[in-house]
Amino acid sequence: MERRELTVAAEAAGCRLDKGLALLAPELSRSQIQTLAEKGSILKNGAAAGKKDTLREGDSIIITLPDPVPTGTQAENIPLEIIYEDDDLLVVNKPKGMVVHPAPGNPSHTLVNALLYHCQGQLSSINGVIRPGIVHRIDKDTSGLLVVAKDDITHEGLTAQFSCHSIDRVYYAVAHGIFKEDEGTVDRPIGRNPADRKKMCITEKNSRRAVTHYTVLERFARFSYIRVQLETGRTHQIRVHMGYIGHPLPADYLYHPEYDCFKRQPLHSLQLEFRHPVTDKSMCLLAPVPEDMCNAF
């Protein structure tokens, strides 16, 4: 059993327990927190907490996490493009079409299957046995950089940097239409779409602040080639924000399925910049833009 202790900060005060703890401990999903509360594994000020309890600033929270249990996730000898690797972490260039971790409909041939083989099982356990080593994710049809933790200390250090938005993430994308301005910022909250749980949307209800900065690199007849820098990291953030301002990504099966000359959403995680959680060294990794984005015009 792993025991975690935290104190409720001002940003989570007034929130339901499941929502507030998801803000304070982003490595845990709201569903995980709800399950732990139902099992009596979360204490608030020394008493068992319910998932609908209201948090107050200064509340003392103790979360008891169960030990990982074996699953059917198998190591698979799938080639990986490793951009950087040491004893604590690795950074991979995920190809388009690869799912990050097993899920219904994608039980194998995922990045996790490949990582289990490459790392011989030496991956962090914080996100459980289904997502070992996975600190953050990118969509199946998005290519580019992901940092992976080999141990829990490294995982916690990286998670803290993601939580305070100190990790610099740069994407290249192709968007529909011609931008009038050369650069801009979208600062609109993102939450789950109540009409379709697979989608995210701009909403003030049950949402979190999301900030996307963009710069136009080149304009074409029907598209714009843009550089995107994330200040926050919400699910589908770039896809939702670009659609909101009238420049959706083409070939986005969920939000804008028109294919045009693309076979997948042209979105690539180009750069990750962070501090190594163990050595404190400044890391800046790059992954070249794939050919299908370079040669589509």
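Since the structure is predicted, the reported quantities are computational estimates derived from the model, not experimental observations.
One hydrophobic cluster, built from ILVMFWY side chains closer than 4.5 Å, cannot hold both Leu36 and Ile62; they sit in different ones. No chain of hydrophobic side-chain contacts below 4.5 Å, direct or via other Ile, Leu, Val, Met, Phe, Trp or Tyr residues, connects Leu286 to Leu272.
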**Message:** Before you tell me yes or no, could you show the steps for Lys263 and Asp292 under salt bridge (Lys or Arg N to Asp or Glu O under 4.0 Å), namely the whole-Å CA-CA distance, both residues' side-chain angles and the distance that decides it to 0.1 Å?
**Reply:** CA-CA 8 Å; Lys263 295 183 179 180; Asp292 69 326; over 6 Å; no
**Asked** Is there a ring pair (Phe, Tyr, Trp, His ring centres under 6.0 Å) between Tyr172 and Tyr225 once you walk through the steps?
**Response** CA-CA 7 Å; Tyr172 273 14; Tyr225 194 36; 5.6 Å; yes
**Asked** Tyr214 and Phe179: ring pair (Phe, Tyr, Trp, His ring centres under 6.0 Å), yes or no, with the steps?
**Response** CA-CA 11 Å; Tyr214 62 88; Phe179 285 75; 5.3 Å; yes
**Asked** Step by step, would you call Thr232 with Gln237 a side-chain hydrogen bond (donor to acceptor under 3.5 Å, both in side chains)?
**Response** CA-CA 8 Å; Thr232 58; Gln237 179 171 320; 2.9 Å; yes
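Ring pair His176/His256 is perpendicular by interplanar angle, where above 60° counts as perpendicular and below 30° as parallel.
Look at Arg16 and Asp18 and you find a salt bridge, because one of the NZ, NE, NH1 or NH2 atoms lies within 4.0 Å of a carboxylate O, short of that distance. The pair Glu204-Arg188 meets the salt-bridge criterion, with a side-chain N (NZ, NE, NH1 or NH2) lying under 4.0 Å from an Asp/Glu carboxylate O. A salt bridge links Asp187 and Arg209; the closest N-O separation between the charged side-chain nitrogens and carboxylate oxygens is under 4.0 Å.
Inspection of the Ser125 and Asp152 side chains reveals an N or O donor paired with an N or O acceptor under 3.5 Å. With no hydrogens or angles considered, a side-chain donor-acceptor pair links His109 and Glu76 at under 3.5 Å. Using modelled atom types, one finds no donor on one side chain facing an acceptor on the other under 3.5 Å when comparing Gln265 with Asp141. Of the N and O atoms on the side chains of Arg234 and Ser207, not one donor lies less than 3.5 Å from an acceptor on the other residue. No side-chain N or O of Gln74 forms a donor-acceptor pair with one of Ser108 less than 3.5 Å apart. Between the side chains of Glu231 and Thr212, no donor-acceptor pair of N or O atoms lies under 3.5 Å. When only modelled atom types and interatomic distance are considered, His236 and Tyr255 share a side-chain donor-acceptor pair under 3.5 Å.
Residue Arg56 places its CZ atom among 12 or fewer non-hydrogen atoms of other residues, nucleotides or ligands, all under 6.0 Å distant. With a 6.0 Å radius and a threshold of 12 heavy atoms from other residues, nucleotides or ligands, Tyr117 has its OH atom at or below the threshold. Under a cut-off of 6.0 angstrom, the local environment of CZ in Arg275 is crowded, with over 12 non-hydrogen atoms contributed by other residues, nucleotides or ligands. Heavy atoms from other residues, nucleotides or ligands lying under 6.0 Å from CD1 of Ile82 number more than 12. Counting heavy-atom neighbours within 6.0 Å of Gln120 CD, excluding the residue itself, gives a total of 12 or less.
With contacts defined as side-chain heavy-atom distances shorter than 4.5 Å, the pair Leu111/His101 does not qualify. Using a 4.5 Å heavy-atom cutoff, the side chains of His213 and Glu183 are not in contact. The side-chain heavy atoms of Leu89 and Val148, taken from C-beta on, include no pair separated by under 4.5 Å.
The heavy-atom pair separating Val147 from Leu158 by the smallest distance is CG2-CD1, 3.8 Å. Between Ala149 and Val135, the closest heavy-atom pair is CB-CG2, 3.9 Å. Looking at every heavy atom in both residues, Val174 comes nearest to Leu249 through O-CD2, 3.3 Å.
A salt bridge (Lys or Arg N to Asp or Glu O under 4.0 Å) with Asp252 is found for exactly one of Arg239, Lys199, Arg264, namely Arg239.
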